[in-house]
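Only one structure is covered here, and it is reproduced in the block below.
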Protein chains: 2
Amino acid sequence: MDRRLEPTLADVAKEAGVSLTTVSRVLNNRGYLSQATKDKVARAIKTLGYRPNQVARALHGKRTYTIGLIVPTVALPFFGEIAVAVENALAESGYRVLICNSLGRSDRERDYLNLLIGNRVDGIISGAHNEDLEEYQSIRMPIVTIDRSLSPRIPNVRCDNEAGGRLATERLLAGGSRRPALLTSRSHGLNLRERGYRITCEAAGIEPIVFEVPFHTAPADRPALMAQCLDGAVGMIDSVFATDDLAAAEVLEWARQRDLLVPEQLRVIGFDGTVAVRRALPTLTTIRQPIEDMAREAVRLLLGRIDAVNSAPLEGGADIPEIGEIVEFPVELLEGSTA
Amino acid sequence: MDRRLEPTLADVAKEAGVSLTTVSRVLNNRGYLSQATKDKVARAIKTLGYRPNQVARALHGKRTYTIGLIVPTVALPFFGEIAVAVENALAESGYRVLICNSLGRSDRERDYLNLLIGNRVDGIISGAHNEDLEEYQSIRMPIVTIDRSLSPRIPNVRCDNEAGGRLATERLLAGGSRRPALLTSRSHGLNLRERGYRITCEAAGIEPIVFEVPFHTAPADRPALMAQCLDGAVGMIDSVFATDDLAAAEVLEWARQRDLLVPEQLRVIGFDGTVAVRRALPTLTTIRQPIEDMAREAVRLLLGRIDAVNSAPLEGGADIPEIGEIVEFPVELLEGSTA
DNA sequence: ATGAAAGCGCTAACAG
DNA sequence: CTGTTAGCGCTTTCAT
């Protein structure tokens, strides 16, 4: 910004014929001011079109009233909706959000972390997917994760993924499926949706079949990878639980190309239940995550920690207890016609 | 942020046993420094885990290297992809973006405008939908609009909407449609997609039929509104050009519920061609906007104006010429099986 | 090659 | 009730 363009407190003070302090006081509505002074200042502010410089205000010390949100990409409906929900929840407390799209690249995530700290955000909500970044361990700042857990020392807000996995798999079985497959972006022991699937299979005496198509696979490469997995299993599986809705959509497309009837020959169920995908594909049966609730809770936890830090005793480490809390929200089955 | 936690320049200076200036110099790599000093300082920085306070840096004058992006909501794939593309284009020049979701509410848009100016962003890219906000006229800051035009005085980057409208309508006619309808979020003389539709209809001697479902209609209310429009036209129309893909998806769903075969009994074509919707609904025939190109151009124009402002003669208005440029990018027909 | 000091725009003691 | 003054953390003349 060119400083010739935006007026400053001093300009207002001169225009109103009072001191800086006085202007600052009416701005912040602090202390006793005569109505006459208030009016004079108000008029000067209006005349000059003055807007307080938040940068200067932030520098003074306290807070920036900005928090950072790191997600893989808001181009995916799930994270786009998370971002909007977080922004809304923050707005209620006068906070704003700096959204960072890591694109799943840990170098970018690291850069963003530094950027956010450099910009002195008051806290960070991370929903990115690099479990490994050691930087997170050394962050001297309130932080909360959403959707995926980062470390036992950092509070995590998520939906009840395991219950969701069970619910999805049970729904497939209830529809008559005998060999449900799992399609996920990363199969491992901590994948709770996968665990729900496996538990349900085991309880029903069914051998699990797990396919993996990495989360950050380019959209153009997905159909081929997916076909590679599924073609080999035709006749063996009779349903698919995809751990996100877009993957489920790709299964539907694969089935269409193979002339498989859904749900008669192949049942499909997804996960997420975002508004955008439901508008695009209302027939998809899926497990809905309560995005708004999750965002609100993440914000509540974060602001709580920020307040704790800011009101901590002035001397001494004052360490806020490291509550590595996990909050899980219940999911919901959305009936469509694909399962 | 609690200042006890993040070290400052002074801390580094003390640790390294040099002056503030020297540290600042090695940080910005300015002036002549002995290698020994550089090393000492570098070591101190590393030891303390020092990161420059960008807030202080920004206050000093120059720029914040942050630009504001205002969109209706990144929860919609089109704007989510715009946001990511803008962020990527900016990152190449060392800029970052403050994303603001107006949710189509002009009060929120106004608040965000003030927020951005208060935070001294270096410029603004607006893709929101409130053509009316008079604030835009008085902004003393580089600004560029994307997707929709705001004022003849503000540069606008968009796709060739009229050509897109023509292309879509021509595609419907080429498929055999005799009565194509338009479904749009706001019908008016400046709606260029609508104009393309009307022009094509007129050239073919066809009476246009226009349905309107407002952009910010709640998802839950859309199917009913849409059915209200379309039910009355069954038998009269044989195809629909929806001016965005999600609306097109809703038309497909309506057709499914009415047992209308697509494309035999009803042809449907959309607009946008976002990656997310194509993953969800790959069969949809649509007009693709070149989002990345648009974002890149918007950023190029904006950074150009920012540089112009910052290098303007120190005295005098120095007014940068008000180039109310319009840049249109060509669209592309994506063949699916719905038209 | 390095340092001292002024100031970016604002807030917050501390006077009066 | 209102003004003076000292910083917040950093960059940048101007000295040395």
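Computed from a predicted model, the values in this text were never measured in an experiment. A note on names: the letters A, B, ... follow the listed sequences, proteins ahead of strands, and every chain is numbered from 1.
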Under 4.0 Å between a side-chain N or O of [X] and OP1 or OP2 of [N]?
X	N	answer
A/S24	C/dT11	yes
B/T8	D/dG9	no
B/R30	D/dT11	no
B/Y32	C/dG3	no
B/N28	D/dT11	yes
A/R57	C/dT11	yes
B/T22	C/dG3	yes
A/T37	D/dC1	no
B/R25	C/dT2	no

With a non-hydrogen cut-off below 4.0 angstrom, is [X] in contact with a base, only sugar-phosphate, or nothing?
X	value
A/V18	sugar-phosphate
B/L9	base
B/T21	base

Item to check | Those residues that, when tested against A/S151, pass side-chain hydrogen bond (donor to acceptor under 3.5 Å, both in side chains) (two or more places apart) | outcome: none

Checklist entry - Taking N and O atoms by type only, does the side chain of A/H60 place a donor or acceptor under 3.5 Å from a partner on the base of D/dG7? => result yes

